[in-house]
Amino acid sequence: MQPSLFLTPMRQAAPLVHNITNYVAMNVMANVLLAAGASPAMVHAREEASEFAGIASALTINIGTLSPEWVTAMLQAADAARGAGKPWVFDPVAAGATAYRRKESQLLLEKRPAIIRGNASEILVLAGEAGAGKGVDAADSVAAAQDAAQALAQSHGCVVIATGQIDFVTDGARTAAVRNGHEMMPRVTALGCALTGIVGAFAAVAKDPFEASVAALAYYGVAGELAGRSSRGPGSFAVAFLDALMAVDGATLDANAKIDLR
Amino acid sequence: MQPSLFLTPMRQAAPLVHNITNYVAMNVMANVLLAAGASPAMVHAREEASEFAGIASALTINIGTLSPEWVTAMLQAADAARGAGKPWVFDPVAAGATAYRRKESQLLLEKRPAIIRGNASEILVLAGEAGAGKGVDAADSVAAAQDAAQALAQSHGCVVIATGQIDFVTDGARTAAVRNGHEMMPRVTALGCALTGIVGAFAAVAKDPFEASVAALAYYGVAGELAGRSSRGPGSFAVAFLDALMAVDGATLDANAKIDLR
Amino acid sequence: MQPSLFLTPMRQAAPLVHNITNYVAMNVMANVLLAAGASPAMVHAREEASEFAGIASALTINIGTLSPEWVTAMLQAADAARGAGKPWVFDPVAAGATAYRRKESQLLLEKRPAIIRGNASEILVLAGEAGAGKGVDAADSVAAAQDAAQALAQSHGCVVIATGQIDFVTDGARTAAVRNGHEMMPRVTALGCALTGIVGAFAAVAKDPFEASVAALAYYGVAGELAGRSSRGPGSFAVAFLDALMAVDGATLDANAKIDLR
């Protein structure tokens, strides 16, 4: 597949992506979406979140710094997005860390996301298996989470993305591995959270959320590889990564994407 | 006019600027104010916002990620600033996007800001006209918002700034166009929000909020132009912009400012 | 003393540091901790903060943008950390600015932090003396706060750190001055807040919180000096600082640390 066939229409449409995300990620996510060519908005109040979800082209929900009032807005916004036929993407940050997260994650899962993106530990928890993660970092390998991802995709009728050194994507039937990326990416906070926004932007303008997800992962990873060439640490990597998200064009993306469809 | 006559006293005074702003902008705004030479503080709790507004030299209020408790604090802080004779600057982010924003924007407008700074779509909405903006980005041109800005300035006795490729400023009687800036500025999130802080800092130490606003816009735009020379994308632009805000001195500002007073 | 004897085990353990901090600092603090080699997590909801404090290896609490619900979670998390024998570090941002801050700071102080880190004005306020600080910046010199720091350390059985051009550390009996750092550090927002996270990471893996604090300060200051060599302003300094936090190794740290133990 040619990921540029998803990047180019995304940039042409510049979709409005509504994000209810954590405090750590908000700024990074907005900058990542702007650099990629989308239009981000962060709206979380119960008084307007569902109305705004109807206006936007996609919704992403991230529980990194959740609290009861925000969860209420998340649930309402997810309903509104689904009701309006807009894809919503679920990012279950540290879903297994506390009883509260385990409970609220399940409530959000019931709202039928189009796509779930997490690290291996988070996907294992969502699928009902005991992961090893204690904090926000993955303690399990993506390979260990593949069966859980597939089961989760089948039981909930959604695409599941488990990101790590090699990213894994499945819609229950099809699977893909994406081998792009750079070792510095986990050393910059919220780049995983921001990826969820990019997945939302790609899904906003594509018919097939599985292919949109694969293309988004390849694009993000190729930008990471480009950034890695000119950086000396996590600070300069983060800067070069935003530059690269804007600089990567369709031809560069297709030439460097490492996608194994199965 | 010489904008350095406003930049130099601002740096000498290093005014404490109290900001109740959105989660996306907080860090950027603080860094922008520090780089410019002001002293930022973010204080939003109802238990202290109005007390703090009395201590600070200026207040800015931004509804980017509003919620009921924050709006209560915003209204109280605006009252306190006004009562203490300190200028407060209103940034009506995405004022027209939802019913909730339209309503709360009007409540804040009634608190008589000294200055309003928004993009064209936001100014149109505040003035009671139907803008085309759906998200946080302007869908209307500044030219289309000039009459609305002037009407708003006259009806509310304040300065109105509509920013875009060319910035427009009016106090109802006088008008100015500021033609500084760089095309990368809208590609970095919250630079508009952070500009509101700079306007607050300039207004804190000036007698005339109209002239202070014009000088602040020129300063911000000249720093953007300087940053644009050494950047390769939105990541490196954001970094160079903070460096430029500190590096721009009075002589550089006056030599590069493009201000049309009418 | 050799600060590398604290840096190396911290990096080997990569301790999970739980931070309840302010909105401005969250992203910076996470990046600073990741660059240094620790594992940060931001968790603030009352529904999970105390459970998470039991899981993490250290807790830091910062009142920069406090509100009643967050303070409840802070108090519960501090109890949980103490109960689990984990060190918690208190960062009393602008403790003297408002009546609300003065009151809540005292409540947190009663929860017996292992370490307190503030600027001189904040330490003076905590110790019950009238500091000159009005906002978040220190208006008092570290020298003026040394007696207050020592009294506070003795009365509360904790380590007290007053940071400034020269950092001062005391556990009531021992004292140390750390003369590392760079003049650009106060021009980047939240670098002081993020330092509190580094102190937590060092304290998580050390037996002696006094020595851990001294080592953390030297490490942070040496990274600042390294960053200062390649930066042109606060934007490029912030980027180079994250790179330097990762690049500084034990030998570099020991060779450049300027520690006076008394």
Side-chain angles (χ1 to χ4, degrees), chain A residues 14-57 65 67 69-70 73 188 194 223 226-227 230-231 235-248, chain B residues 21-31 42 62-71 93-105 121 133-139 183-194 227 230-243:
Chain A
L16 178 63
V17 182
H18 174 192
N19 309 289
I20 308 182
T21 190
N22 67 73
Y23 300 118
V24 182
M26 282 193 190
N27 184 273
V28 185
M29 192 173 195
N31 273 327
V32 159
L33 283 164
L34 282 173
S39 176
M42 277 59 184
V43 174
H44 72 278
R46 288 176 295 183
E47 285 74 12
E48 60 172 354
S50 55
E51 181 183 350
F52 201 82
I55 298 165
S57 299
T65 54
S67 60
E69 293 191 347
W70 284 58
V188 179
L226 191 61
S230 62
S231 63
S236 50
F237 180 87
V239 171
F241 182 60
L242 289 176
D243 286 354
L245 284 171
M246 185 178 282
V248 168
Chain B
T21 189
N22 69 73
Y23 300 120
V24 182
M26 282 194 190
N27 183 274
V28 185
M29 193 172 193
N31 273 327
M42 276 60 184
N62 173 308
I63 59 164
T65 54
L66 81 178
S67 59
E69 293 192 346
W70 284 57
V71 172
V93 175
T98 62
Y100 181 53
R101 271 163 207 264
R102 283 189 292 276
K103 192 186 72 176
E104 304 300 26
S105 295
S121 300
K134 57 175 184 169
V136 299
D137 300 317
E183 59 178 7
M184 201 59 80
M185 295 178 89
R187 300 300 290 265
V188 178
T189 199
L191 287 198
C193 304
S230 62
S231 63
R232 294 169 307 279
S236 50
F237 180 86
V239 171
F241 182 61
L242 288 176
D243 286 355

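What you are looking at is a predicted structure, and each value in this text was computed from that prediction instead of being measured. We name chains A, B, ... by the order of the sequence lines, and we start the count at 1 in each one.
There is no contact between A/Ala247 and chain B, counting heavy-atom distances below 4.5 Å. If you measure heavy-atom distances from B/Met26 to chain A, you find no contacts under 4.5 Å at all.
Judged as a salt bridge (charged side-chain N to carboxylate O under 4.0 Å, His left out), and not counting sequence neighbours, B/Arg187 has no contacts.
For B/Arg232, the CZ atom counts as loosely surrounded, since its 6.0 Å shell holds 12 or fewer non-hydrogen atoms of other residues, nucleotides or ligands.
The two residues A/Met42 and B/Thr65 come nearest to each other via the heavy atoms O-CG2, 3.6 Å. For B/Val188 against A/Leu34, the heavy-atom pair with the smallest separation is C-CD1, 3.9 Å. Minimum interatomic distance between A/Ile55 and B/Ala97 (heavy atoms only, all atoms of both residues): CD1-O, 3.2 Å.
At a heavy-atom cut-off of under 4.5 Å, chain A is reached by B/Gly235, B/Ser236, B/Val239 from residues 235-242 of chain B, listed in order of number.
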One pair to check against side-chain contact (heavy atoms from CB on, under 4.5 Å): B/Met184 and A/Met246. What are the steps and the verdict?
CA-CA 11 Å; B/Met184 201 59 80; A/Met246 185 178 282; 4.1 Å; yes
Between B/Ser67 and A/Glu47, is the side-chain contact (heavy atoms from CB on, under 4.5 Å) condition met? List the steps.
CA-CA 8 Å; B/Ser67 59; A/Glu47 285 74 12; 5.5 Å; no
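Among A/Asp243, A/Leu245, A/Val28, the residue with the largest count of heavy-atom pairs under 4.5 Å with chain B is A/Asp243. Contacts with chain A were tallied for B/Leu66, B/Asn22, B/Asn27; B/Leu66 has the most, counting heavy-atom pairs under 4.5 Å.
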